[in-house]
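Written out below as structure tokens is the structure these notes cover.
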Amino acid sequence: MYEISNDVMEAIGRVEGKGEPIVAAGTTGSGKSAVEEASASHPVTQSLLGIREASGKGSVTKASTIATDYEMIPEDKLVMLAELHPKTIAECGDDNELLGNVLYSGAKDYFKNPDENLYKTKLAKALTNLLEHPANDSLGYKLKDIGGDKYDALMEVILKFDISQVMIIYNEMIAKTTRKGQKGVRIFIELLSSRESLREIVAEFWNLVIKFINEEVEALRDKLESNGAVVEVKPEGGYKFTALLGEDDIDSEIAELLLKSEEGSKEYLLSNVSLIYRGADYIFNIENKDALTVAELGDTKIHCIRIIDTQGLFHSTGVKAKDESERIVDLLSEFHSTKLLLVVNSFVTDTVKDGYDAISMMLQEVNRDIEVYILFTHWDEYLKSFANQSGTVSRFSRRSNIDWAEKYKEAFYAQQKVVDRFAAAVDDNTSKKKPKIIGVYRAAILSEDGNKMEDVLDCEGVQYPDALNLLFANMVKQAVVNGDKYRVIEGLGERH
């Protein structure tokens with residue numbers, strides 16, 4: 001981390017929280033973090049933002065990312081602001097799932113073979129598995145690094161559950177359902193949670209869990225301070241910190257703790273996360289740029305583009321299209337946003353298809369005036385896959401023999417069916433207020449000189465600089481049409 005000068009702190013204050021919020025929604029791996037990375041002006045900042053990219057699980061924490069052209073924000077640095085505060089049981093979002101799964105595993109084995117020693121061994125094995133291979137939105141993920149003594153303390157509490165009481169719950173579960181698997185586990189957990197006689201031990205388990213997690217909050221605060229972050233104590237409790245990350249932090253532990261969304265991350269301890277950085281010229285070199293003005297200092301106009309990066313659709317297991325459709329609307333409400341950036345992976349997977357369902361449902365049912373911008377990403381992967389699956393190209397064919405310009409046209413029109421589906425969902429919306437699709441954009445990461453496929457994508461403008469330039473130009477054009485503009489002049493906020 002780097003020391004933050006008074007001038008930089010002052011500059012951060014001028015852009016923090018500024019800019020009309022644009023909610024970005026898409027499945028995990030759709031390319032939301034690539035949008036942020038591509039919008040940064042400096043390779044160092046791009047590399048730091050790239051740490052946030054999902055390699056499977058994806059982020060669970062919302063973040064406000066602000067690209068600005070304000071020269072007092074160092075071009076080769078990433079500013080991070082976030083809050084750390086003591087956690088509560090409700091914030092863990094577990095509903096006794098971890099505890100219930102451990103006890104269920106033991107009860108299931110004991111039901112087949114009533115050996116108390118084997119039962120205890122099974123409990124320990126189940127807890128170990130849940131901590132070693134957790135989903136990153138689970139309680140197991142938050143406890144995975146607790147170490148031997150704390151693990152033993154948790155096991156000590158778990159073993160306080162009387163085996164006869166646990167088996168009564170297990171037998172009640174069997175009486176309620178003949179199905180095994182997750183339905184049985186859910187019923188078991190519901191019975192466990194409602195059992196008055198076990199409430200005291202359940203509370204003891206949770207007191208220990210919260211104690212361990214809040215010790216991590218304090219440990220992270222100490223690490224931030226020792227690394228040079230500015231840490232303030234909040235009047236209502238907890239902390240707010242400001243960190244300045246640069247080239248020396250790219251492979252550092254502190255950057256991994258703060259930015260990574262998966263193994264090694266402590267992002268689950270953070271809230272109200274903001275990332276501020278200098279934006280690339282191409283996102284600000286647009287007509288009517290004044291619509292992006294958030295402050296004026298003499299003759300200097302400060303422009304910002306703020307994107308709200310959110311947890312990927314269908315990140316959590318078991319959610320339905322309707323759940324995720326409603327979550328998109330909730331995010332728009334939470335940030336008082338009228339702008340929705342739908343980031344869609346062109347390379348179609350089952351999760352991407354689920355994303356289509358959630359997006360279509362939202363567009364058909366939402367009763368709000370929303371500007372919708374659709375960005376199709378991963379066009380390089382999509383075009384390769386399309387060429388292989390189109391029936392005219394053998395997988396043994398040399399890629400140099402493929403007519404990529406023709407394949408691009410075919411792939412473009414095939415993808416247009418997805419756009420048509422979204423447009424039809426809007427047409428079917430009978431609400432008084434309804435969304436409006438403003439534009440469709442396509443992007444790929446092009447990195448190989450002399451690659452004929454990439455040359456075609458480059459020629460068609462299917463790369464992030466072109467796509468983002470056009471996207472933000474259209475967004476600004478729409479703001480001018482709407483008459484929306486927010487400025488701060490000499491410290492006074494005014495809506496124009």
Side-chain angles (χ1 to χ4, degrees), residues 24-39 43 46-47 49-58 261-262 280 282 312-315 341-360 373-422 439-471:
T27 57
T28 294
S30 61
K32 297 187 299 297
S33 61
V35 172
E36 300 156 20
E37 191 177 344
S39 69
Q46 290 174 349
S47 296
L49 289 166
I51 296 172
R52 289 171 49 78
E53 183 178 355
S55 59
K57 295 177 182 176
S261 64
E262 298 166 24
Y282 56 75
L313 302 176
F314 297 95
H315 175 97
L341 173 58
L342 293 173
V343 184
V344 182
N345 191 339
S346 301
F347 187 69
V348 180
T349 64
D350 288 341
T351 303
V352 171
K353 289 178 182 176
D354 289 339
Y356 293 167
D357 294 340
I359 290 167
S360 297
Y373 302 83
I374 303 170
L375 175 64
F376 286 103
T377 60
H378 296 80
W379 247 84
D380 46 336
E381 295 175 37
Y382 169 56
L383 190 51
K384 283 178 194 173
S385 175
F386 185 88
N388 288 335
Q389 295 175 14
S390 62
T392 58
V393 177
S394 163
R395 59 181 171 168
F396 299 107
S397 299
R398 289 184 176 275
R399 293 201 181 277
S400 59
N401 297 331
I402 298 173
D403 185 344
W404 287 110
E406 186 60 32
K407 287 296 165 196
Y408 171 80
K409 290 177 185 176
E410 293 173 14
F412 181 95
Y413 288 116
Q415 191 176 74
Q416 190 61 33
K417 293 175 184 176
V418 180
V419 179
D420 293 343
R421 177 181 175 181
F422 293 159
V440 178
Y441 315 90
R442 294 168 172 83
I445 297 173
L446 308 182
S447 57
E448 192 177 328
D449 290 335
N451 181 308
K452 291 184 178 180
M453 182 198 73
E454 291 195 4
D455 288 346
V456 169
L457 292 175
D458 186 15
C459 182
E460 296 290 344
V462 182
Q463 57 176 316
Y464 277 94
D466 293 347
L468 295 185
N469 173 269
L470 184 57
L471 190 158

Next item on the list: Name all residues meeting the side-chain hydrogen bond (donor to acceptor under 3.5 Å, both in side chains) criterion together with Asp458; count only those two or more places apart in sequence or in a different chain, and write none if there are none.
Entry: Gln463
Notebook entry, point to check: By side-chain hydrogen bond (donor to acceptor under 3.5 Å, both in side chains), which residues pair with Thr377, not counting sequence neighbours?
Noted result: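 Residues passing side-chain hydrogen bond (donor to acceptor under 3.5 Å, both in side chains) with Thr377: none at all.
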Taking the side chain as everything from C-beta on, heavy atoms only, tell me whether [X] gets closer than 4.5 Å to [Y].
X	Y	result
Phe412	Trp379	yes
Ile374	Val418	no
Phe376	Val419	yes
Val440	Phe422	no

Taking the side chain from [X] and the backbone from [Y], do they hold a donor-acceptor pair closer than 3.5 Å?
X	Y	result
Tyr382	Ala411	yes
Lys32	Gly26	yes
Asn469	Tyr282	yes
Ser39	Glu36	yes

Note to self: Distance alone, cut at 3.5 Å: any donor-acceptor contact between the side chains of Arg421 and Ser360?
What the structure shows: yes
Checklist line | Ion pair check, Lys407 and Glu410, cut-off under 4.0 Å | finding: yes
Quick one: pull up [atom1] in [X] and [atom2] in [Y] and give me the separation to the nearest 0.5 Å.
X	Y	atom1	atom2	answer
Asp380	Asn451	CG	CG	9.0 Å
Ser346	Leu383	OG	CG	10.0 Å
Asn345	Glu381	CG	CD	6.5 Å
Leu471	Tyr441	CG	OH	4.5 Å

Which heavy atom of [X] sits nearest to which heavy atom of [Y], and what is that distance?
X	Y	answer
Leu375	Ala443	CD1-CB, 4.0 Å
Val344	Ile359	CG2-CD1, 4.3 Å
Ala444	Leu457	CB-CD1, 4.2 Å

Next item on the list: Evaluate the side-chain contact (heavy atoms from CB on, under 4.5 Å) criterion for residues Arg442 and Glu460: first the C-alpha distance (whole Å), next the side-chain angles of each, then the deciding distance (0.1 Å), finally the verdict.
Entry: CA-CA 9 Å; Arg442 294 168 172 83; Glu460 296 290 344; over 6 Å; no
Next item on the list: Could you give me the CA-CA distance, side-chain angles and deciding distance for Leu49 and Gln46, then say whether side-chain contact (heavy atoms from CB on, under 4.5 Å) is met?
Entry: CA-CA 5 Å; Leu49 289 166; Gln46 290 174 349; 5.9 Å; no
Checklist line | Within 6.0 angstrom of Ile445 CD1, more than 12 heavy atoms from elsewhere | finding: no
